[in-house]
Amino acid sequence: MKQYAGAPQAYISFDTNPGNPRWVINRANSVDNNVVGEFCTCESRQTCRTDLTEKREVPMYTVRVAAIFTFFLNLAFGQIYFITGSPTPKHNQSFGSSLFQVGEEGSVRLVQKLVDETDGTDWISISYDVRKAVLATRGSREKIVVVDLDTATISKICPTPLVYNMSVIRQHIGDIPGHGPHYLQYLVGDNNNTLFRGMSLSSNTSCEESFSIRPYEDGRFITIHGKTGIADIGGFDWQYVRITQDERLNFFLAKQIPMEYRIPGDLIKGIHPTAMMVNNRVVFAVLASDVDRATREVRRLQLISCLKISGRCQPVPVPKDSPLWARGFEHYIAMAEAHSRKSGPDVEKSAGASEWRKFDGPMGPSIESRMKDFEYLFPGRLHLFNAESGQLYTITTNQGDSEILLVENGSVYYRASDRLYKAQITPGGITGTRLLVQTDAMRDAHWAFTKR
Amino acid sequence: MKRYAFLLACALGSAQGQIHFITGSVSSEKLTTTFGSSLYHAGEDGSVRLVENLVGEAEGTSWIGISHDARKAVLVARGAQPNIVVVDFDSARVSKRCPAPAAPGTTLIAQWVAGIPGDGAYYLQYFAGQGSKPALMRGMSLDASVPCGASFSARRREDLRYTTTHGRTGLADLGSSDQYQVRLGGDGRLMALLAGEEVPLDLHVPRMFLEDFAHPQAVMVTNNHQAFAVYVMDVDPQTRQPKRQDLIGCLKSSGRCTSVPLFLHSFLWSRGFDNYIAIKEAQPRKPPPPVNKDATHSSRITTPGPMGPVVDARMDELGWGFGLTFLFNSESGQVYKGPGGYTDSEILLIQNDTVYYRNVDAINEARITPDGVRYERGGITEDRAKYVRTLAKADVIQNAHWAFSSR
């Protein structure tokens with residue numbers, strides 16, 4: 001690394017302080033950002049194996065073949081899909097949901113209708129770990145629609161068996177060891193009787209055989225994508241948690257279920273972990289808050305991210321109430337900046353009102369009406385936190401109705417009103433922003449993925 | 001001076017925005033019932049004035065095509081040597097009327113209006129040969145200054161690249177169909193199919209639109225200088241119904257294509273106006289389910305008239321039911337629920353973000369605003385007083401399936 005970087009000892013050094021051993025970067029000494037980025041990433045992932053001091057000559061022919069191969073790989077595997085919809089568990093309205101594909105020259109193909117407008121959805125979420133999106137329809141004749149992210153099609157639709165006098169309180173996607181990916185529901189009845197049941201997401205399992213009662217302990221295997229959309233327009237995928245005296249996280253599912261994760265006490269001094277906002281195979285993020293018990297006023301909100309491989313936790317330095325809109329993409333945590341109307345004059349109004357849809361559409365509500373009296377204001381800034389490097393990126397859209405839809409292979413895809421952008425994430429910042437598509441259906445897109 | 005300028009502006013304004021409509025209903029050669037066709041003017045005061053009779057009732061029409069690009073309508077009368085009547089939109093008059101020469105030993109397969117670079121506007125006919133007779137592509141110049149005797153000539157198949165396609169007008173088979181079958185190559189290139197021959201059209205849709213089709217069949221639904229739309233379907237061999245379908249609108253300037261995000265049984269009753277596609281909800285009546293119940297039957301024609309048949313009877317004969325009207329903007333990707341909630345309603349014209357539509361026997365005018373209608377919620381239908389205006393109401397309007405504004 002030292003020889004490769006050119007100015008080694010002054011640029012990166014290892015601080016051997018036993019309390020906090022870490023790499024220290026001296027930014028005054030310039031080095032190619034890509035070199036540093038690659039090095040820092042592999043260091044934190046503990047995957048650095050290549051001796052960079054040995055530079056071998058690569059034949060130009062090999063480079064060309066690799067470039068062509070990469071080009072076709074990108075064509076085949078880089079296809080962006082997005083899912084539209086707006087779950088309405090607490091509204092009388094219902095909205096449909098569809099799967100779209102983004103192609104060359106900004107073309108947009110309607111791949112499949114997922115949920116009919118008259119049915120509407122109660123819950124939608126996505127898990128990049130199990131490569132599935134799950135949509136639960138509204139009403140008593142609830143159906144579970146499973147979208148396979150690898151084939152970009154509906155892989156399964158199952159009606160849920162009726163359970164009388166019980167309501168679904170929590171729902172998640174989980175990956176249960178030995179049983180595979182499941183859609184999990186926690187139901188509570190009139191007499192406080194509870195039920196935790198799962199539906200196998202495997203397309204090889206028939207609907208009849210897919211549903212089973214799961215032990216509450218399977219709750220340890222849930223994945224959590226986070227909150228999508230703004231102003232309660234998208235999906236809700238998070239879980240209440242609490243912390244035990246030995247700094248371990250528990251969540252409540254009929255009883256306290258201990259999770260494998262812990263948060264160092266010094267990170268939560270004066271605040272209490274309340275909700276797990278993100279949980280995937282790389283990272284989890286917990287929202288901690290300080291609430292005035294008398295007035296219920298939130299005095300402080302803090303999002304804490306932890307890398308699972310190292311257990312290293314750190315506060316996510318984002319403004320105000322943004323942690324409430326956190327969602328996860330591997331080691332990245334994306335947020336739409338939000339300010340409570342009660343919190344003062346920092347932000348007077350949500351940005352970009354002139355672009356908002358003023359009427360309900362078939363796949364989502366009027367943005368204007370949802371924003372109008374919403375408790376939070378959105379100034380049109382998106383934040384992306386790299387939980388490995390600790391670097392925070394900010395994307396200014398000047399549009400309150402904007403959100404990060406996908407982070408993958410060093411690229412961030414984000415929506416601003418009816419536009420989808422792609423940009424590169426580099427150690428130096430977000431660069432190379434490109435408009436991919438502008439179309440009306442994009443307004444209702446809150447989930448995205450690439451087909452493999 | 002200012003006063004004269006003001007008067008001139010007023011005169012120009014009223015002259016430019018004058019709405020005309022054409023009535024008529026085509027009859028195939030097999031049908032004994034024929035209908036005439038006429039040109040009318042819808043006045044600012046709500047009056048309806050007959051401008052000119054285009055085709056007589058006894059003669060009947062076999063095809064009516066319209067091109068807003070060429071600003072011409074072409075009406076083809078029935079018969080072996082039919083009269084071809086050209087209506088010029090700018091003057092709102094018949095500009096040409098020519099008897100077509102016979103083409104013995106051939107069968108007319110397809111016809112179009114085209115704007116051929118260097119040669120001007122043409123009416124093109126493709127005749128398939130019978131026996132040893134070769135196929136023939138023939139054109140008639142629509143230029144009023146070219147006499148009928150010099151107007152007809154053999155044309156190259158490649159002229160198909162310059163054709164415009166307006167779409168399907170009227171309900172059931174009440175209007176006329178200006179659509180044709182195309183083949184979608186594996187690379188997304190479009191080719192016209194002429195009796196087994198393929199003619200490249202210099203148009204293509206991105207390949208991703210073909211991904212889920214095993215044996216795509218495609219129809220050119222509409223094609224003008226701004227946009228084109230292709231209806232692609234996989235047909236179930238047993239039920240003969242589309243089992244997968246997509247209506248794809250493409251902008252010519254950017255090559256950007258967008259699926260129409262609607263889930264209708266069929267997209268065949270579609271027509272184009274610049275970058276808008278007007279779509280009439282349609283599905284077979286047998287077997288049920290019925291069409292959208294928001295649309296109401298209210299045809300007032302109970303006996304066949306000189307310019308059109310009974311609407312309900314024709315829908316029964318065809319076995320199709322019709323429902324709501326939708327508008328799709330290929331540029332913004334927006335879908336609007338079209339104005340007019342009647343079964344017997346259709347969009348006749350869209351220009352300058354204003355939509356002119358027929359509701360049974362009335363022509364209404366409504367503005368498409370950026371915040372316009374998305375389905376039944378809000379927009380044009382919500383604030384009728386502000387946005388919707390009835391231009392004219394008369395019995396003859398029930399047979400109006402084409403409209404234009406003169407200049």
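First the proteins, then the strands, lettered A, B, ... as listed; each starts at 1.
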Worksheet item: Highest number of heavy-atom pairs under 4.5 Å with chain B: which of T84(A), V437(A), V108(A), D116(A)?
Response: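 It is V108(A).
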
Practice prompt. Considering only heavy atoms and a distance below 4.5 Å, find which of S332(B), S259(B), G333(B) pairs most often with chain A.
Written response: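 Maximum pair count with chain A is reached by S259(B).
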
Fill in: Part of V111(A) lying under 4.5 Å from any heavy atom of chain B
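Both backbone and side chain.
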
Practice prompt. Counting only heavy atoms closer than 4.5 Å, note whether V205(B) contacts chain A via side chain, backbone, both or neither.
Written response: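 Answer is neither: V205(B) stays 4.5 Å or more from chain A.
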
Discussion item. Going by side chain to side chain contact (heavy atoms under 4.5 Å, CB included), name the residues that satisfy it together with K372(A), two or more places apart in sequence or in a different chain.
Written reply: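 For K372(A) there are no side chain to side chain contact (heavy atoms under 4.5 Å, CB included) partners, ignoring immediate neighbours.
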
Discussion item. So if I take each residue of residues 247-258 of chain B and look for any heavy atom under 4.5 Å from a heavy atom in chain A, which residues do I end up with?
Written reply: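 So the qualifying residues are S254(B), G255(B), R256(B), C257(B), T258(B).
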
Worksheet entry | Neighbourhood of chain A inside residues 210-225 of chain B, taking heavy atoms under 4.5 Å as contact |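 So the qualifying residues are E211(B), D212(B).
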
Discussion item. Please determine whether side-chain contact (heavy atoms from CB on, under 4.5 Å) holds for the pair F263(B) and L110(A), giving the CA-CA distance in whole Å, both sets of side-chain angles, and the decisive distance to 0.1 Å.
Written reply: CA-CA 10 Å; F263(B) 297 91; L110(A) 174 63; 3.5 Å; yes

Practice prompt. List for me each residue that meets side chain to side chain donor-acceptor pair (under 3.5 Å) alongside Y81(A), sequence neighbours excluded, and say none if there are none.
Written response: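 Y81(A): side chain to side chain donor-acceptor pair (under 3.5 Å) contacts with Q79(A), Q101(A).
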
